[in-house]
Amino acid sequence: MIRLKDVEMEYDNGTKAIQGITLSIEDGEFVFLVGPSGSGKSTIIKLLTGEVEPCAGRIMINGFSVSNISERQIPLMRRTLGVIFQDFRLIEKKTVYENLDFVMRAVGASPKEIRKRIPYVLDLVGLGKKADSYPTELSGGEQQRVAIARALVNNPKTIIADEPTGNLDPERSLELMSLLVKINQLGTTVVVVTHEKDLVNRFGKRVITIDSGHVINDSVGGYVGGHIHG
Amino acid sequence: MAKHDFGYFFHEGVSNMFSHGFMSFAAIGITVACLLIMGTFTLVAVNANELLVTLEQENEILAYVDDSYTETQARALQSQLEAVPNVASATFISNDEAMESFKDEYPDEELFQDLDPEILEDRYAIKLVDLEQQSETVEAVQAITGISDVSHYEEIAGGFVTVRNVATVVCVALIAILFVVSVFIISNTIKLTTFDRREEIAIMRMVGATNGFIRWPFVYEGFMLGLLGAVIAFFLQWALYAAVARGVATNDTLQLIRVIPFSQLWAPVAAVFVLAGIVIGVGGSLSAIRKFLQV
Ligand SMILES: Nc1ncnc2c1ncn2[C@@H]1O[C@H](COP(=O)(O)OP(=O)(O)OP(=O)(O)O)[C@@H](O)[C@H]1O
Ligand SMILES: [Mg+2]
């Protein structure tokens, strides 16, 4: 469950990236976040993960009040989120398996849980046979699926993806989006930031359109024409 | 901390160490140098001190009584001598007794066997409280009417006092400097690892690892660097000490200097080295990650 109430955010250099946003996303929803470049989409993601703080308004995520969270609570809040980035951010020195292993250890999973969970998640993203490969030995689409597996491996309530298809060709993008839909159907809330209007239209999900730090449209079905670049 | 975490941190810490072979080598090297210099000066000071204690125990100054005094007159000086500050005790030795012990000491020297005791003077063997104030005490004793002469070992004692004091001062200063340098170098080694691992750290943070969890491998890395430095320094110190002790034994034919055997010293040396190594290592790693884990 995600709630934003009258949220404003200004960067240190004075850029007002978010200028009063109110929205809510319920458990189990699949939501696209779209809008032109520089409209504030990534800033919303950073607000959700606690990377930046709002200067006004309230943010609630999975039972945590992110807008006035204590230092000690931040790790606990982040354990309810799985984050996927455009540039994958895999550790190149580690194999696929090790990339998942270390994030499970990081939240205190036991070796037994790890041995059970990783094969399951790799199968889910269709990489059951690539456990011992290094990221550089994988295609872009495969690397992004490892990133999805990593976001999923700690069993978060919510998956947040910032332009996960940005570096992939249209066919891989479709595969990847379908994978996220499948994960959503297994019960995880999914929020995807994207530029790809064709994809957005294809899935007929809820679309929140941002422009200049405001929500300008929030509806099920498709994007609002003319506002999406790229 | 769960049991499986311990193994993980340990493994990560050790593999961090190997990923920067040269820096780790430098960090261990400087720690070894620090401990070795610290150890050497401390051991010199300990030995000098031990010698001083021996001298203080064994070395009495001898105050000779004027020839013209009868034994009764000579014995009367006892209370005056004991009243001198820094005098612990004064024991009267008549010329007969002096002759006896003289003969005992040189039983093979025919020449001395039939000497007249009268050529020796009555004397007092005086023990001092503090050897460092020997010269003042000697002057005070000499000023007493009836004391003709005083013999003492000022040069030897003074020499050792100087050695001990210099060793102590140099030791403290050097240890302070080297300690700071060692901590600094270990801190930089670990900063390099944190830089190497910044992506991993960013991801760990993103998935909700606590600062404590992120910190442990680096603390272990510092711990291992310090401990390894301590172990190497200990064995080098041992070898160095043994070599110096042998050198002293072959050159000091008079047996004036008694070197404390390493077997009596190894336990405290090992304990101090390990402790100091760990303080340097863990201190260095904490200073490396302090700033970096604030967010
Ligand atoms: N670290 C930063 N410091 C200062 N200003 C920033 C920073 N990051 C983003 N901005 C500014 O905040 C505004 C919103 O940026 P944001 O990254 O949220 O846009 P976006 O919608 O994700 O764009 P894109 O689609 O290009 O990724 C922009 O004007 C941007 O220049
Ligand atoms: Mg962005």
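Because the structure is a prediction, the values reported are computed rather than measured. In what follows, every chain begins at residue 1, and chains take the letters A, B, ... in the order their sequences are listed.
Interface remark: A:Arg72 contributes no atoms to any contact with chain B (heavy atom separation under 4.5 Å). Both the backbone and the side chain of A:Val103 come within contact range of chain B, each with at least one heavy atom under 4.5 Å from a heavy atom of that chain.
Geometrically, A:Arg117 does not engage A:Tyr120 in a cation-pi contact defined by less than 6.0 Å to the ring centre and at most 45° from the axis.
Between the side chains of A:Ser110 and A:Glu113, a donor-acceptor pair is found at a separation under 3.5 Å.
Comparing A:Arg89, A:Arg150, A:Glu51 by how many heavy-atom pairs each has under 4.5 Å with chain B, the most go to A:Arg150.
Contacts of A:Lys5 classified as salt bridge (Lys or Arg N to Asp or Glu O under 4.0 Å), with partners at least two apart in sequence or in another chain: none.
Here the side chains of B:Ile289 and B:Val219 are in contact, with some heavy-atom distance below 4.5 Å.
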